[in-house]
Amino acid sequence: MDNKKMSSKQKYNPNEIEPKWQKIWDEAKVYSPNLDTAKKPFYNLMMFPYPSAEGMHVGNMYAFTGADVYGRFMRMQGNDVFEPMGLDGFGIHSENYAIKVGRHPKEQAKISEKNFYRQLRAIGNGFDWSRKVETYDPKYYKWTQWLFIQLFKAGLAYRRKAAVNFCPKDLTVLADEQVIDGKCERCETEVIKKELEQWFFRITKYADRLLNNIEKLDWSEKVKIAQRQWIGRSEGAQIEFKVQSSKFKVQVFTTRPDTLYGATFLVLSPEHPIINVILNSFQNLGSNGIPKQVRDDILEYVENAKNKNEQERMAEGKEKTGVFSGIYAINPLNQEKVPVWIADYALMGYGTGALFGDAHDERDVKFAKKYKIPLKVTVITGDKEKDERIKNFEECFTGYGILIDSGEFSGLTSEDAKKKITAWLKDHNYGGTEITYHLRDWLISRQRYWGPPIPMIFCKKCNWQPVPEKDLPVLLPDVEDWKPKGIHSTSSGQAGKSPLASAESFVNTACPNCQGAAKRETDVSDTFLDSAWYFLRYVSTDIESVAFDIERVKKWLPVTMYIGGAEHSVLHLLYSRFITMVLKDLGLIEFEEPFSRFYAHGLLVKEGAKMSKSKGNVVIPDEYISKYGADTLRMYLMFLGPFNQGGDFYDTGIEGMFRFLKRVWTLVHDKKDSMKTRNDSSSLLGSNEAYVFMNKTIKRVKDDMENLRYNTAIAALMEYYNFLSKQEYIAIEEFRNLLKLLSPFAPHIVEELWEYIGGKFSIHQELFPKFNQNALKSFHRTIAIQINGKLRDTVIVTDQASKNKNTIEQLARKSDKVIKYLEGKTINKVVYVEGKIINFVIDDR
RNA sequence: GUCGGAGUGGCGGAAUGGUAGACGCGCAGCGUUCAGAACGCUGUGUUCGUAAGGACUUGGAGGUUCGAGUCCUCUCUCCGACACCA
């Protein structure tokens, strides 16, 4: 190879060819399927980015490239691939960035939009640029608001006063899913609880459906597990305890009704509504009344609990606190009088907010020991020593066993006792089977500016009314002071002072029902509502009269392949499933699961550390693209490691990939002439060996692509290159296939080289090569010769010879290395695995 | 604590129970060059040996098997998710 003779025109220059082809693809609509007439629709979706920084980082590009490679592969399988892109630009993340840089979110959105789209184009994905979605576009959020109204009309959006998560830094409430380790998902500030009236979506109504459908989904297993866990279905019993000397009752949830006989106390959550009822009713009851001291203690404890944040409550996890309520309840099973305590280890949001304490729960035992509440062991194991420890309270037994001291239920196994006691409770009207969930209703309100205004109007006479659909969108008003204000008052229906409240012309309106003076809701909705339905909008961006065109939806959805990060396991993915189910129930669509297949890609890290702005190790793709080109970066990212496991980004590796593409470039240019010669001959192909290699490579790459094992697909392509580069002649078919196999990874360079070897535009509309099954077998086999499983020699034989054990054994016995080991030894056995190994088993001593 | 995932050369990583370390990075030597860059060729798990050739080697300990990175039991470490969920 003589590089000196190569003209400058022949040099691989990605900065020249990449923008060129991107423009040509766009104009030729290579990646824009006709949504109405496509024959084999394949909706290849990737999670759209949220602009929370100047631009996209290399982690986004990693995800998008991996998804695009799959889309390109599916296109080559003859599918009409629809691969849209957009921006999830509404929401706290974008607004916080606007605050940081001191720009109005509307201004910043324009800047981010431009920069993100520039970057998204530069990576060379097969996006359909004619169908973008930006969640802050009024044409989009009009339908987000419409969606809210549909939920309201269906009784699935409601207002409720509850202790909700509030971030004191972002000055807004948050959904449970947005609280990570007791901290705000966005700014990591410790979240506090506030008693507020807010809008919720009744996702809990769908808990069972969301749970039961999971097993049918073709999703990454870890995401399915995370969703199951988040929904957190627990089967148990609800049990009614009567409060002594009163008409009041407390409902208690348990998963262990078999331990009810041993219930020696009750625990109420500090937020439990019955506490106030009790305080008010018992105060004047004379001898039965609650002493003032006890009363004061209760009030103080409840007040303290209210002001603690999640972190504080958790930090005290080991040290339980509580206060005696002064009253007693009756265990329905044995009529025993048990004290009622108030303790914050009982959570108002789970079960009934009340539980019974017994000797078979570690938390209960800790609490009881601290406050010297008696305990009673009612379940033992049958193991003498262990039971001795259990009975002496040296060990807390929480498993299933055999009941003791449980009246008529003594001697039963826990399993049987559960059934029998639950049945007993039901028969005696004390409760029965009950199912409870970890999942809670989705808190939708946000006291922020940058989101779709919740399209509701409050009228003192008519209560809450939805904005008439003809009046949508409720435009986000241009307020000057758009920064978050927090919540100052929650009196009346109005939810405090979010930034929209300062725009009087926005707030004051007429009631859609009675036309009287009324006020608009001033909160906006959660960003996750924007992204919970965007996949429906992509297919209808050219239609303004509906949220989504039903015919298009029928044709393209559910999404065929969805690729994204596992961090959205319980946020976006769960919300999207919920919204889709609701739309199905409203008769608006025909399916209830939005994503047939979901594939979670791994996390890209930088030199062993998670990329984060605070660490300052965020890698921006731009500089690498201008230095090496998008093709090199794409291939490098895909080669780092298995796509579902992520990888580590090192600069040095990119050089190697750049080298590889340069080699391919040079090979095609150098061998183009010899290729022509071969093309004139009768055979289109090179040697037999070359034919076998080509077919093997096609098969390897195809298998790997199907399973998103891109790193090994690229390795196979490198091996193929290494082989071809050593050949004197390369047939045109070999070049064509090399380029086709490479095309999903490096779309620009292959298009350029495709043109160079005289291929018809565009290589991206070609089909994936097919391999010849008969050509997969080599003509030679290398057989490993083992002695007692240890490799001693190899022998090369014809495919024919490899079929005969005797032939191989005779050959193997002739090997000097083998003779050395077999001499004077008894051969007990000879194992032959056809075409692979022959193993002599000998006495080794 | 519960549930996942993973431990293989200097590094990223390959291996339907059948030649461990493919492919790439890095490194070394050679070639090309006035020189460098770039490019090309060769070598490269550890260890003993001039070599031929051995021995050892997939976090650790056992086991199944003719044969184990892969299967089973126990155990250690790291990463991720959830977490006072009754």
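By convention in this document, chain letters (A, B, ...) are assigned in the order of the sequence lines, proteins followed by strands, and residues within each chain are numbered from 1.
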Original post:
Relative to the 5' end of RNA chain B, which residue comes earlier, A:Ala354 or A:Lys726, by the nucleotide with the nearest heavy atom?
Top reply: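 Nearer the 5' end of the strand: A:Lys726.
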Original post:
Between A:Glu655 and A:Gly351, which is nearer to the 5' end of RNA chain B once each is assigned its nearest nucleotide?
Top reply: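 Per heavy-atom nearest nucleotide, the more 5' residue is A:Glu655.
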Looking at [N], I'd like to know if its phosphate oxygens (OP1 or OP2) sit under 4.0 Å from a side-chain N or O belonging to [X].
X        : N     : answer
A:His438 : B:A83 : yes
A:Lys790 : B:C56 : yes
A:Asn839 : B:U65 : no
A:Thr666 : B:C39 : no
A:Arg792 : B:A55 : yes
A:Arg659 : B:C25 : yes

In whole angstrom, what separates [X]'s [atom1] from [N]'s [atom2]?
X        : N     : atom1 : atom2 : value
A:Met638 : B:A14 : CE    : P     : 14 Å
A:Lys183 : B:A83 : NZ    : P     : 14 Å
A:Ile808 : B:C66 : CD1   : P     : 22 Å
A:Lys222 : B:G4  : NZ    : C1'   : 9 Å
A:Leu268 : B:A86 : CG    : P     : 18 Å
A:Glu719 : B:G24 : CD    : P     : 8 Å
A:Asn644 : B:C79 : CG    : P     : 20 Å
A:Ile654 : B:G26 : CD1   : P     : 12 Å

**OP:** Syn or anti for B:G13, please, going by whether the chi angle lies within 90° of 0.
**Re:**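 With its glycosidic angle more than 90° from zero, B:G13 counts as anti.
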Original post:
Which one of A:Arg256, A:Lys418, A:Glu415, A:His360 satisfies the side chain to side chain donor-acceptor pair (under 3.5 Å) criterion with A:Tyr400?
Top reply: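 Output: one option passes, namely A:Lys418.
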Original post:
For the residue pair A:Phe528 and A:Trp442, is the inter-centroid distance of their aromatic rings smaller than 6.0 Å?
Top reply: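 Ring centres of A:Trp442 and A:Phe528 not closer than 6.0 Å.
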Subject >> ring pair (Phe, Tyr, Trp, His ring centres under 6.0 Å), paired with A:Tyr710, selected from A:Phe643, A:Tyr62, A:Phe639, A:Tyr636 >> reply: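 Of the listed options, the one satisfying the test is A:Phe643.
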Using a heavy-atom cut-off of 4.0 Å across all strands, would you classify [X] as base, sugar-phosphate, or nothing?
X        : value
A:Asn722 : sugar-phosphate
A:Tyr821 : sugar-phosphate
A:Gly647 : nothing

Original post:
Say you pick atom C1' in B:G24 and the same atom in B:G63; how far apart are they, in whole Å?
Top reply: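 To the nearest whole Å, 37 Å.
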Original post:
Above 12 or not: heavy atoms from other molecules or residues under 6.0 Å from NZ of A:Lys370?
Top reply: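 Counting neighbours around NZ of A:Lys370, more than 12 heavy atoms of other residues, nucleotides or ligands fall under 6.0 Å, so yes.
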**OP:** May I ask you to verify whether the side chain of A:Lys320 and the base of B:C84 hold a donor-acceptor pair under 3.5 Å?
**Re:**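 Looking at the base of B:C84, it does pair with a donor or acceptor on the side chain of A:Lys320 (distance under 3.5 Å).
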Original post:
Does A:Lys805 make a cation-pi contact with A:Tyr832 (under 6.0 Å, within 45 degrees of the axis)?
Top reply: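 No.
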